[in-house]
Asker: 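Quick one: the structure is below, questions incoming.
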Amino acid sequence: GMMLRERTVIFLAAINTVVIISEGLYRYFFLNADDRSLFSSALLGTLSFITAISFYYFSEKLRKSDAAALTQAEHIAHLQRTAQLILERMRTGIMVLNNQQDIELYNKAAKRLLDLPDQQNDLQHLSQLPELYEKWRSWQDGLADHTPLLSLPEHITSEIKVNFAQLEPGNSEDLLI
């Protein structure tokens, strides 16, 4: 595979160099060309060989880099699918908000616990869930009487414990509920 390709490239570069230098020798011995012509042919042949080897080296580096990037992309896609499966199979409800309180995503458990719509497009902002929005406001304001229990009228469970946290510590962009 790869060794054959490498040998072929080196062989072709060597043949090219020999042809160029042979042409210079032919001109020097049979056509009475001057020494500069012979030197030019030798230099051109050597540069041709070095260029061919350099192109091969850089193309192999690029090929290996592309293969590594593809492997990493496949691994990242696998991790993303795994994380999504874990999120969906959790019994704990998860909801992610951006800094404008737009709902980025929620899992099946959150849908079931909060009796959310089937399509996430139907629920776009935290304010569409008034009870949860009020809990977020009291958490945001740092009120001492903030209780993590959320009571929803006519719901499956009488109370739901709600916790708020920054998705990334030190980054106030996304919020995890």
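Side-chain atoms are counted along with the backbone in the values below, which use heavy atoms only and exclude waters and symmetry mates.
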Asker: Nearest 0.5 Å please: distance from the CZ atom of R89 over to the CD atom of Q84.
Answerer: 10.0 Å
Asker: Going by ring-ring contact (aromatic ring centres under 6.0 Å, His included), name the pairs with one or both residues in residues 18-45, residues two or more places apart or in two chains.
Answerer: Y26-F30
Asker: Considering all heavy atoms of both residues, which atom of T17 and which atom of G45 are nearest to each other, and what is their separation?
Answerer: OG1-O, 3.0 Å
Asker: Check whether any side-chain N or O of Q101 sits under 3.5 Å from a backbone N or O of L97 as a donor-acceptor pair, and report yes or no.
Answerer: no
Asker: What pair of heavy atoms forms the shortest contact from Y56 to S59, and how long is it?
Answerer: O-OG, 2.9 Å
Asker: I need the Q166 CD to N99 CG distance, nearest 0.5 Å.
Answerer: 10.0 Å
Asker: Out of L129, L175, L113, which one pairs with M95 under the side chain to side chain contact (heavy atoms under 4.5 Å, CB included) rule?
Answerer: L129
Asker: Would you say the side-chain atoms of D34 pair up with the backbone N or O of S37, donor to acceptor, closer than 3.5 Å?
Answerer: yes
Asker: What's the spacing between I53 CD1 and S48 OG if we round to 0.5 Å?
Answerer: 10.0 Å
Asker: May I ask you to check whether over 12 heavy atoms, not counting those of Q80, lie within 6.0 Å of atom CD?
Answerer: no
Asker: Determine, using the 4.5 Å side-chain heavy-atom cutoff (strictly less than), whether I50 and F58 are members of one ILVMFWY cluster.
Answerer: no
Asker: Applying a strict under-4.5 Å side-chain criterion to I, L, V, M, F, W and Y, I'd like to know whether Y133 and I177 cluster together.
Answerer: yes
Asker: Grab the two heavy atoms, one from G24 and one from S41, that are nearest each other, plus how far apart they are.
Answerer: CA-OG, 3.1 Å
Asker: N107 side chain to I86 main-chain N or O, any donor-acceptor pair under 3.5 Å?
Answerer: no
Asker: One thing to verify: whether E23 and R27 come together as a salt bridge, which I'm taking to mean a side-chain N less than 4.0 angstrom from a carboxylate O.
Answerer: yes
Asker: Once rounded to the nearest 0.5 Å, what's the spacing between atom CD1 of I21 and atom CG of N16?
Answerer: 10.0 Å
Asker: Checking N98 now: which residues fulfil side-chain hydrogen bond (donor to acceptor under 3.5 Å, both in side chains) with it, not counting sequence neighbours?
Answerer: D102, E104
Asker: Between R63 and E60, is there a side-chain N and carboxylate O pair less than 4.0 Å apart?
Answerer: yes
Asker: Does the side chain of L47 come within less than 4.5 Å of L43's, by heavy atoms?
Answerer: yes
Asker: When rounded to the nearest 0.5 angstrom, what is the spacing between CD in E134 and CD in E131?
Answerer: 9.0 Å
Asker: Does any part of the side chain of F164, heavy atoms only, come nearer than 4.5 Å to the side chain of Q140, both counted from C-beta?
Answerer: no
Asker: What about F49 and L12, same hydrophobic cluster or not, with Ile/Leu/Val/Met/Phe/Trp/Tyr joined at side-chain heavy-atom distances under 4.5 Å?
Answerer: no
Asker: Could you tell me if the side chain of L132 sits less than 4.5 Å from the side chain of W136, heavy atoms only?
Answerer: no
Asker: Any chance you could measure I20, atom CD1, to L25, atom CG, to the nearest 0.5 Å?
Answerer: 12.5 Å
Asker: Answer yes if L38 and L31 sit in the same cluster of Ile, Leu, Val, Met, Phe, Trp and Tyr residues linked by side chain heavy atoms under 4.5 Å apart, and no otherwise.
Answerer: yes
Asker: Any side-chain to backbone donor/acceptor pair from Q128 onto H125? Under 3.5 Å, distance only.
Answerer: yes
